[in-house]
Amino acid sequence: MANVGVTDESSPTGQPPLKRVLGSKLLLFFVVGDIVGTGIYALTGQVAGRVGGALWLPFLLAFTVAFMTAFSYLELVGKYPRAAGAALYTHKAFNVRMLTFLVAFAVMCSGITSASSAAVAFGDTYLAEFVAAPMPWMAIAFVVVLALINFRGVRESVTTNVVLTCIEIAGLLIIIGVGVWAVLNGNGEASRLTEFNTQDQTMLVAITSATSLAFFSMVGFEDSVNMAEETKDPARVFPKAMLWGMVIAATIYILVSVTSSLLVPAEGLEAAESGALLKVIDIGAPGMPREIFSAIGLFAVVNSALINMLMASRLVYGMANERIIPKVFATVHPARRSPWVAIVFTSALAIALVSTVDIDVLGGTTALLLLVVFAVVNVAVLVLRRDPVSHKHFRAPSVVPVLAAVFCLYLASPLSGRPARDYVVAAILLAVGLVLWAVNHFVMRTLATDRTAE
């Protein structure tokens, strides 16, 4: 296991270590940039369609559940500062290889489906303001460029993230500014902020159904734990960077959702689909060229996709280091010191999936998978209390992971009003995962048998 402060140990597979280049500021930008992106830019309309005008409430509740879960991640990344995140914690807590593989597969799928959501928003909404391009080819080019940036190295990838994060936050600040200007000029309908969509559903279902989808916009903080091996002194740096990053992102989200509801009725936001924020600009600042915000939206979804693909490749690299999958996936490029085989593998999956599923299904399924994973992590942190480590690290109050696990399971259940199609897509993905696990298990067992026979 990597010790905190050690900067040049070899990985369990004998490959050279990843570079520790992330300090507190770069990590803070990483967390904010990973959260603020596709979720708010592309799914605001769908969330409004579920809850109604009280659009701010699902984002607030999603933040609360995510914030509690972050405490579990902080304790675990402090104890085990290595890539692989939830998969590593599940493996150490339960030591059930199939469960570990499924958790890792679910997290990897969530990153790739999130990147797919970004690709759909990129081509169908924001890029469409400039050119009409065929989505499959644009999606492939989109993923290939991300793979090249990822391969170039984590320093270049995270530096790119800093620039793109500043741009996407600027776009959301424009939305907030438009709302303030409109309200000061007597526009906006404050009564919408307490309106709920109770048509064919109760208020509770409206809130929880919207929260289960809005949760997709608050995920991303957990991606940062997969960068643990590339962070300087992770036990000290992670708590402040992660928690402050989540607070910053949540504050921006709530202000944007309030602005959107003030200026546009819920049915108008829903009808605009992934272009809901463009609708806010049209009404709140009709003189502003749509191209300006569309360009910012492009940068936002690019940033989300970049970070999700960065996370997915590091997760595969970490799984290989733990010998959950073949060690070839832990191969590091000798010059760039980036996990190039993992990058190629995850990028190939993204190219295959990026244009096949609708954006609201991608968002809902991603949130479902991660809610189940978060419930597992919240239980794992309690189980791993029996495994003390010698170095100091963050410790979450015991009641927090218990409550977080309960809330995550509720939001993942049909009781929350989650659409059945989310479960169908998730079941298909997990079935594919089981097939891959069985194939991998058979290959590794065969190799072990051959070595024994020799």
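These figures come from a predicted structure and were not determined experimentally.
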| query | Going by the angle between their ring planes, with limits at 30° and 60°, are Tyr73 and Tyr89 parallel, tilted or perpendicular? | reply | perpendicular
| message | I'd like to know if the side chain of Thr208 and the backbone of Ser416 have a donor-acceptor N/O pair within less than 3.5 Å. | response | yes
Per-pair distances, 0.1 Å, donor-acceptor, side chain in residues 62-69, under 3.5 Å, sequence neighbours excluded:
{"unit_1": "Thr64", "atom_1": "OG1", "unit_2": "Leu60", "atom_2": "O", "d": "3.0"}
{"unit_1": "Thr69", "atom_1": "OG1", "unit_2": "Val65", "atom_2": "O", "d": "3.1"}
{"unit_1": "Thr69", "atom_1": "OG1", "unit_2": "Asn378", "atom_2": "ND2", "d": "3.4"}

| Side-chain H-bond candidate by donor/acceptor type, Arg50 with Thr211, under 3.5 Å | no
| What are the two closest heavy atoms between Ala182 and Leu263, and how far apart are they? | CB-CD2, 3.5 Å
| How far apart are the C-alpha atoms of Lys92 and Asp387, what are their side-chain angles, what is the distance that settles it, and do they pass the salt bridge (Lys or Arg N to Asp or Glu O under 4.0 Å) test? | CA-CA 9 Å; Lys92 285 187 172 294; Asp387 179 31; 5.4 Å; no
| Between Met288 and Ile174, is any pair of side-chain heavy atoms under 4.5 Å apart? | yes
| task | Can you measure from CG (Leu277) to CD1 (Ile296) and round to the nearest 0.5 angstrom? | result | 11.0 Å
| message | Walk me through whether Ile40 and Phe59 qualify under side-chain contact (heavy atoms from CB on, under 4.5 Å). | response | CA-CA 10 Å; Ile40 192 70; Phe59 288 105; 3.9 Å; yes
| request: Please name the pair of heavy atoms, one in Met108 and one in Ala312, separated by the smallest distance, quoted to 0.1 Å. | output: CG-CB, 4.3 Å
| Any pair counted as salt bridge (charged side-chain N to carboxylate O under 4.0 Å, His left out), so long as it reaches residues 363-382, sequence neighbours left out | none
| Which atom of Pro401 lies closest to which atom of Val381, heavy atoms considered | CB-CG1, 3.6 Å
| Pairwise distance CG(Leu173) to CD(Glu168) - rounded to 0.5 angstrom | 11.0 Å
| query | Which pair of heavy atoms, one from Phe394 and one from Pro239, lies closest together, and at what distance? | reply | CB-CG, 4.2 Å
| said: Main chain of Tyr253, side chain of Ser257: is a donor-acceptor contact present, judged purely on distance under 3.5 Å? | reply: yes
| field | Aromatic contact, Phe374 with Phe215 (centres under 6.0 Å) | value | yes
| Given Leu371 and Phe407, is the side-chain contact (heavy atoms from CB on, under 4.5 Å) satisfied, shown in steps? | CA-CA 9 Å; Leu371 281 165; Phe407 291 145; over 6 Å; no
| query | Can you tell me how far the CD atom of Glu189 sits from the CD atom of Glu195, to the nearest 0.5 Å? | reply | 7.5 Å
| note | Residues pairing under salt bridge (charged side-chain N to carboxylate O under 4.0 Å, His left out) where one sits in residues 58-67, two or more places apart or in two chains, turn out to be none
| Around atom CZ of Phe329, are there more than 12 heavy atoms of other residues, nucleotides or ligands at under 6.0 Å? | yes
| Would you say the side-chain atoms of Lys240 pair up with the backbone N or O of Leu28, donor to acceptor, closer than 3.5 Å? | no
| task | Decide yes or no for Leu369 and Cys109: does some side-chain heavy atom of the first lie under 4.5 Å from some side-chain heavy atom of the second? | result | yes
| message | Tell me which pairs pass salt bridge (charged side-chain N to carboxylate O under 4.0 Å, His left out) where either residue lies in residues 394-420, with sequence neighbours left out. | response | Arg418-Asp422
| field | Residues in side chain to side chain donor-acceptor pair (under 3.5 Å) contact with Ser261, at least two apart in sequence or another chain | value | none
| query | Do Tyr41 side-chain atoms and Leu298 backbone N/O form a donor-acceptor pair below 3.5 Å? | reply | no
| field | Phe94 side chain near Val383 side chain, heavy-atom distance below 4.5 Å | value | yes
| Just by distance, do the side chain of Ser114 and the backbone of Gly111 share a donor-acceptor pair under 3.5 Å? | no
| query | How far does CD of Gln201 sit from OG of Ser209, to the nearest 0.5 angstrom? | reply | 6.0 Å
| said: Would you say that Leu99 contacts Thr90 through its side chain, given a criterion of any heavy-atom pair below 4.5 Å between the two side chains? | reply: yes
| query | How long is the gap from CG on Leu382 to CD on Glu75, to the nearest 0.5 Å? | reply | 8.0 Å
| field | Ser313: partners by side chain to side chain donor-acceptor pair (under 3.5 Å), with sequence neighbours left out | value | Asn150
| Whether Trp340 side chain and Phe151 backbone form a donor-acceptor pair below 3.5 Å | no
| Could you give the distance from CD1 (Ile283) to OG (Ser260), rounded to the nearest 0.5 Å? | 10.0 Å
